[in-house]
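Proteins come first, then strands; the chains are lettered A, B, ... in the order of their sequence lines, and each starts at number 1.
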2 protein chains.
Amino acid sequence: MELKWLEDLLALLEEKSITRAAERRHVTQPAYSRRVKQIEDWLGVELVNRATKPVNIRPIGLAMEADVRDLVNRFYALRNKAHENQNKITFIAQHTLSVSRIPQIIRDINALSPKTSFRVMPANNNGCQNLFLKEGGLLLCYQNSNQPINFTQASIAKIKLGNDYLLPVVSRELAIKMGPIKAGMRLPILMYPKGGFLAECLAQMCLPRVFRDYRVELVCESAFSASLKEKVLGSMGIAWLAKDLIQTELENGALISLEDLLGSVMLDVLLFCKEDEANDQVTNAFNMIGSF
Amino acid sequence: MELKWLEDLLALLEEKSITRAAERRHVTQPAYSRRVKQIEDWLGVELVNRATKPVNIRPIGLAMEADVRDLVNRFYALRNKAHENQNKITFIAQHTLSVSRIPQIIRDINALSPKTSFRVMPANNNGCQNLFLKEGGLLLCYQNSNQPINFTQASIAKIKLGNDYLLPVVSRELAIKMGPIKAGMRLPILMYPKGGFLAECLAQMCLPRVFRDYRVELVCESAFSASLKEKVLGSMGIAWLAKDLIQTELENGALISLEDLLGSVMLDVLLFCKEDEANDQVTNAFNMIGSF
DNA sequence: GGACCTTACGGGGCCCGTAACTATC
DNA sequence: GATAGTTACGGGCCCCGTAAGGTCC
């Protein structure tokens with residue numbers, strides 16, 4: 001069975017004529033006719049009814065078109081993937097980290113080895129881990145120290161790249177408008193959607209206290225901290241954002257931390273690497289990042 | 001690119017040695033070595049590092065093992081599917097119908113053409129439609145006349161096989177224990193899970209009235225009417241079951257209909273056939289069933 | 001008879017196995 | 001020197017194209 005055959009078969013299913021399909025496949029009609037027979041032999045099924053003169057394609061043939069096309073696509077996908085992984089460093093990172101940490105990491109690596117090329121695949125916490133196990137590369141993600149990430153695979157190396165903090169912040173403008181924050185006050189909150197990693201961290205660490213002490217009004221939910229950040233800057237409410245993401249705004253006073261009142265979450269920033277499946281570039285990058 | 005190559009590649013990835021893989025693939029080591037090169041050529045990627053003496057498989061090779069295995073499996077799946085569809089009539093039917101109507105249909109067809117073989121794939125309403133569009137065969141399903149099933153594809157033929165009814169029933173034993181049913185009474189109800197087709201039918205047609213007039217106590221949920229039937233027979237409560245499914249029990253008095261009090265739902269029983277993808281057997285069966 | 005497909009036949013390329021060679025351990 | 005893998009070479013099979021032979025319209 002050959003890829004060529006599958007493509008032949010597709011031509012036949014599309015052209016619905018042996019002669020035309022043969023032309024499209026750049027072989028003579030007899031040769032093509034023989035190929036069709038080979039395919040039928042392999043499948044053990046008669047695909048065409050040769051009784052009529054422009055041959056009639058049997059239902060069973062028509063029914064398999066989608067599967068055949070899928071198979072052909074997968075072949076080329078395999079090749080493309082091999083090419084892509086050839087000389088590239090793939091980062092799989094939680095959305096937040098792909099915005100906050102990854103840019104700096106890429107700058108650092110580029111400074112040391114200028115011609116490196118990169119691919120960044122953002123996903124949510126769970127998606128990251130699956131993607132990493134499936135595709136390899138480097139995984140950058142948060143870890144709540146209560147729930148350590150433990151891969152069962154032996155050959156996965158780990159480096160801790162320090163900490164980040166989920167800080168409750170509010171825009172200067174809104175802070176002025178709200179005045180001093182007191183127990184029982186109504187607080188407009190922007191949250192991560194329930195069930196997500198960040199939402200769970202907050203649900204465990206900060207929210208019980210907040211719900212006890214204030215009247216929480218959920219203004220908006222979004223899974224993307226970059227989007228929440230915009231909303232906070234637009235004075236829509238209070239959100240817990242990664243400190244790395246709002247460094248500048250904290251320094252210039254555009255955002256004000258409410259950590260003392262609402263509590264924060266400390267997160268480990270971890271980098272993982274499947275050592276046995278990483279190419280040299282990836283391995284080098286892994287060690288390089290660890291040494292920064 | 002050939003299927004053989006993929007299998008060669010798998011052997012290499014598993015054995016991690018050209019000599020051993022060659023043995024397993026029943027070719028001489030030089031021949032196998034050449035094949036590996038061909039595969040590498042096609043992929044455009046060096047899979048093995050030939051610098052060391054038992055060759056070293058590069059990470060990129062290891063990383064693609066899962067994809068290659070998947071591809072190989074799909075090849076054989078294609079062939080199996082072709083075989084299976086060869087001389088078989090596939091029924092795709094909602095769980096309930098696969099228990100209630102399908103057995104009789106199969107008996108009827110067998111009576112007329114004894115050597116027919118069948119495959120029955122039960123699914124829920126939505127799953128049925130997807131499966132049917134993907135796999136073909138004959139689709140047997142309920143239709144609530146409020147929400148007609150309309151396939152966009154032109155070549156899908158439809159026959160109505162009469163009606164069925166969702167009747168609220170209770171076991172004789174429980175009926176006696178409960179005594180006469182009066183408004184405001186507590187009713188133990190067995191239901192289909194929310195969101196499913198049958199649950200929606202009931203939610204639209206019967207439940208509003210029932211909830212208004214009685215104190216409903218949800219004893220148990222199950223998507224399978226056969227399972228609900230057992231529970232009803234076990235006097236666990238009242239459920240709406242397909243009349244076709246409980247014909248015998250209604251006649252011998254084991255189950256008692258509460259239709260007058262709780263309302264029933266009329267359903268169309270429809271049979272669909274993708275005419276352009278159906279083999280002769282399927283087409284014949286379709287017409288045969290229509291004529292019963 | 002013509003369109004469409006299959007069968008027959010000779011030629012060439014591809015791939016195999018054997019054997020000789022090379023390199024790593 | 002043994003093990004592991006590549007290169008060289010001759011042979012055979014498989015598949016192609018040409019040409020001739022059937023069938024259905």
Heavy-atom closest pair (A/D244 atom, A/S100 atom, distance to 0.1 Å) is CB-CB, 3.9 Å
Between [N] atom [atom2] and [X] atom [atom1], what is the distance in whole Å?
| X | N | atom1 | atom2 | result |
| --- | --- | --- | --- | --- |
| B/I39 | C/dC15 | CD1 | P | 12 Å |
| B/E23 | D/dA4 | CD | P | 10 Å |
| B/R25 | C/dC16 | CZ | P | 11 Å |
| B/Y32 | D/dA4 | OH | P | 15 Å |
| B/M1 | C/dC15 | CE | P | 13 Å |
| B/N49 | C/dT24 | CG | P | 11 Å |
| B/Q29 | D/dA4 | CD | P | 10 Å |
| A/R35 | D/dC15 | CZ | C1' | 9 Å |

Per the under-4.0 Å heavy-atom filter, residues of residues 3-22 of chain B near DNA chain C come out as none
Per nearest nucleotide of DNA chain D, the residue lying toward the 5' end, B/T52 or A/T52, is B/T52
Nearest-nucleotide check on DNA chain D, B/R50 vs A/A51; residue mapping nearer the 5' end is B/R50
Mind listing the N/O atom pairs, protein and nucleotides 8-14 of chain D, below 3.5 Å?
unit_1, atom_1, unit_2, atom_2, d
D/dA8, N6, B/R34, NH1, 3.4

Residues at least two apart in sequence or cross-chain that pass side chain to side chain donor-acceptor pair (under 3.5 Å) with A/D268, listed by chain then number, are A/Q143, A/K160
Residues at least two apart in sequence or cross-chain that pass side chain to side chain contact (heavy atoms under 4.5 Å, CB included) with B/A157, listed by chain then number, are B/E275, B/F286
For B/R119 and B/N85, test the side chains for any donor-to-acceptor distance below 3.5 angstrom and give the result as yes or no. yes
Could you tell me if A/R107 and A/Q104 have a donor-acceptor pair between their side chains, going purely by distance under 3.5 Å?
yes
Sequence neighbours excluded, the answer for ring pair (Phe, Tyr, Trp, His ring centres under 6.0 Å) partners of B/F197 is none
The nucleotide from C/dC5, C/dT18, D/dG17 with an atom nearest the side chain of A/V55 is C/dC5
Checking D/dG17, D/dT7, C/dC5 against the side chain of A/T28 (C-beta onward), the nearest is D/dG17
* Asked: Is it true that the NZ or CZ of A/R35 lies under 6.0 Å from the centre of A/W5's six-membered ring and within 45 degrees of the ring axis?
  -> no
Residue pairs meeting ring pair (Phe, Tyr, Trp, His ring centres under 6.0 Å), one or both in residues 111-163 of chain A, sequence neighbours left out, come to A/F132-A/F151, A/F151-A/F272
C/dT7 phosphate, OP1 or OP2, under 4.0 Å from A/K37 side-chain N/O: yes
Exactly one of A/L245, A/T96, A/V269 clears side chain to side chain contact (heavy atoms under 4.5 Å, CB included) with A/D164, and that residue is A/V269
